Each structure stands twice: as C-alpha cells, then as structure tokens.
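Working notes, structure below.
The residues of the chain are indexed from 1 along the displayed sequence. This structure is a prediction, so every number in the text was calculated from the model and none was measured.
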Amino acid sequence: EAKLAAPDDGVDIEYWEHLLSRLHVRHARVVLTEIHAEQIEKQLRELEAEEMADSDVDEDLLAATADIGGSAQAAAVVPTASASSSTAATAAVSDVQQRQQVASSSSAATTTAAASSSSATATTLAPTSEDEPVPSQLWRVAESEMGEEEDGDEVFTNTVQLTKQTYNWADKFRPRKPRFFNRVHSGYVWNSYNKTHYDHDNPPPKVVQGYKFHIFVPDLVNPRKAPTYKLLPADTPETCLLVISAGPPYEDIAFKIHNGKWAHGKRSGFKCKYERGIFLLHFNYLSFRYRK
C-alpha cells in the first residue's frame, strides 16, 4: 500500500495491485481457518462437559442405591427387647432372610446402575449411524468436478466393511463414516480378438475403465492435512480395496474396485486433490482411456 500510495520510478503498479488483492484473499482464508478451529474446540469442550455430567449422574445413582441398601440392612437387624426367646429365635431367622433379600436387592440395583452407566457411556462414544446431510454447496462442487454423465457411467457404492478400527482420537471426537459421490465407467474394448469374435450388434462384455471418487470431509479437525489413500489386496485377484483415510473425526472408508494398473498421466484423466472439504480421486486404467 505504501508503494502504491507513493510509487517510485520503475515500480510495477499492476504487479503490486495484484499482490495486494491476493493478500486480502489469503488473509480472509487464514481468518476463516481460525474461526473453524475455534468452533471445533468449542464442540469438543461441550462434548467433554456432557460426558462428565453423565458420569456424575451415574455416580450419584450408585451412591444413593448403596445408601438405601445399607439403611435397609440396618433396619432389618434391630432386635425387639420385649420378645420372648422363641420369638427372638424366629426374628433371628427372619433377620437373616431379610438380610439376604436386601443384599440381593442391593446387588441387583448396583448391577443395574452399573449396566446403565456402561450403556450410557457406550451410547455417548458409539459412532453415529446417520451423519448430517452434505451441504448443497459441496454437492454442486462435486457435480461440477464429476462432469457430465456419459454412456457407461454408473453410480458406484461398493463399500467394504473394514475390520474393527481403533483411533487414538476416539475419546475426543465421535467417529463417523464420510459421505461420498462416486462413479464407475465401463465400456467395450475393441482389440483384435474382440473385433474378430464380436461386432456392434453383438458387442463383447463391458470392462471397468476408470473411477471417480468424491469423499466429503468438511469437518476435518486438521484441514491442512490432506486425506490419503492406499490399495490393499481383496478376496479375489481381480479386485482390490481402495482405502481412504481422512483423519478425525472421520473413519477410514474402503471400496472394492477392479485390480488393474492405473494411468497416472494428467492427460489420461488422473486427478488427486483435496480442497473445499472434498477429497477427489479420478483415475483410469492403462489402455482404457476415459474421454470426457
């Protein structure tokens, strides 16, 4: 701004004006990132406060149950001074029975309260079965990146349940599966064999030629760390598992895909990026170019 206010000879005005405009944008991004981090911390504090309140209620319930059981036992063993010896013997037997009943009732109440406490804790820490809907602006971005639907495109939802995963952040954030919007592209391969044995009226079987994955992770605790992916073997050699790891509060998600060699060239349609809360992965298999 100082250079623009009093420019010296040889100062590139257009360069400094462009730099100043980009500086405002960068500053706005930093401010928004800080606000998002503050909201995440606020939600974490509220969640911890709720868990502590639930724990205090359970402890009070257990203490009250123990007090009630102890009072009942004390009342059951008070002797009657004016009773005869036979009445005293009968009362002693009755006292023993009452003690056993009270002890059983107290034990059952304590067990029930402990089970309720465990159930409440499990409910608090269990993963949510239904996630919040994806914001409309993210859907619009994903649809724009996906491009127009072509012949051979289909929605792809072939997820695989991974073995039980443990996360060191599960005590702070409630794990949840990310939403996604994927497509698989299939088509015909007109190699020399297929040209000999098939024609357009009797085409060969379709083969998978590529995928487009859009994983929605708008609430990442650390948005500066991009999600990652890896390939793992599946139950058949023709398929493999594509596992995508985003980070807290999202669980890993896996898809069973065709096992083939990827074409990593930009001209072959390969894309892998993370921006605006969406992890995007597009790839095609070698010799099966997916034209848009």
* To do: Given side chain to side chain contact (heavy atoms under 4.5 Å, CB included), test Ile253 with Val243 step by step and report yes or no.
  => CA-CA 6 Å; Ile253 188 169; Val243 181; over 6 Å; no
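- The list of salt bridge (Lys or Arg N to Asp or Glu O under 4.0 Å) pairs with a residue in residues 225-243, not counting sequence neighbours, reads Asp235-Lys256.
- A donor-acceptor pair is defined here as one N or O able to donate and one able to accept, closer than 3.5 Å; such a pair exists between the side chain of His197 and the backbone of Tyr193.
- Checking side-chain atoms of Tyr198 against main-chain N and O of Trp190 turns up no donor-acceptor pair under 3.5 Å.
- Glu150 places no side-chain N or O within 3.5 Å of a backbone atom of Glu148 that could act as its donor or acceptor partner.
- Between the side chain of Asn259 and the main chain of Pro237, a donor-acceptor pair closer than 3.5 Å is present.
- Taken from CD1 in Ile40 to CZ in Phe173, the straight-line distance is 7.0 Å, to the nearest 0.5 Å.
- Under the 3.5 Å distance criterion, the side-chain polar atoms of Asn284 are matched with a main-chain donor or acceptor of Ser268.
- Ring geometry for His258 against Tyr285 counts as perpendicular: the plane angle is over 60°, on a 0 to 90° scale with 30° as the lower cut.
- Under the 4.5 Å side-chain heavy-atom criterion for ILVMFWY residues, a single connected hydrophobic cluster contains both Trp262 and Phe255.
- Partners of Asn158 by side-chain hydrogen bond (donor to acceptor under 3.5 Å, both in side chains), not counting sequence neighbours: none found.
- Crowding of Asp151 atom CG: a count of heavy atoms from other residues, nucleotides or ligands under 6.0 Å not exceeding 12.
- Side-chain contact between Asn182 and Ile215 is present, with heavy atoms from C-beta onward closer than 4.5 Å.
- Residues Leu162 and Ile244 do not share a hydrophobic cluster, defined by chaining ILVMFWY side chains whose heavy atoms lie under 4.5 Å apart.
- Within the 4.5 Å cutoff, no side-chain heavy atoms of Leu241 are placed close to those of Pro233.
- Looking at Leu281 and Leu242, their side chains come closer than 4.5 Å, going by heavy atoms from C-beta outward.
- At a cut-off of 3.5 Å, with distance as the only test, a side-chain donor of Asp252 or Ser245 sits close to an acceptor on the other residue.
- Side-chain contact between Arg176 and Pro249 is present, with at least one heavy-atom pair separated by less than 4.5 Å.
- The main-chain N or O of Arg29 is found under 3.5 Å from a side-chain atom of Thr33 such that the two form a donor-acceptor pair.
- Following chains of ILVMFWY side-chain contacts shorter than 4.5 Å, one can reach Trp139 starting from Met146, so the two form part of one hydrophobic cluster.
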* To do: Could you give me the CA-CA distance, side-chain angles and deciding distance for His214 and Phe180, then say whether ring-ring contact (aromatic ring centres under 6.0 Å, His included) is met?
  => CA-CA 6 Å; His214 293 160; Phe180 54 85; over 10 Å; no
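- The aromatic rings of Tyr211 and Phe213 sit parallel, their planes meeting at an angle under 30°, below the 60° perpendicular limit.
- Note: the hydrophobic cluster containing Leu280 does not contain Val141 (ILVMFWY, side chain heavy atoms under 4.5 Å, direct or indirect links).
- The cluster map of Ile, Leu, Val, Met, Phe, Trp and Tyr, joined by side-chain heavy atoms under 4.5 Å apart, puts Tyr229 and Phe156 in the same cluster.
- In this structure, the side chains of Pro175 and Trp169 come closer than 4.5 Å at one or more pairs of heavy atoms.
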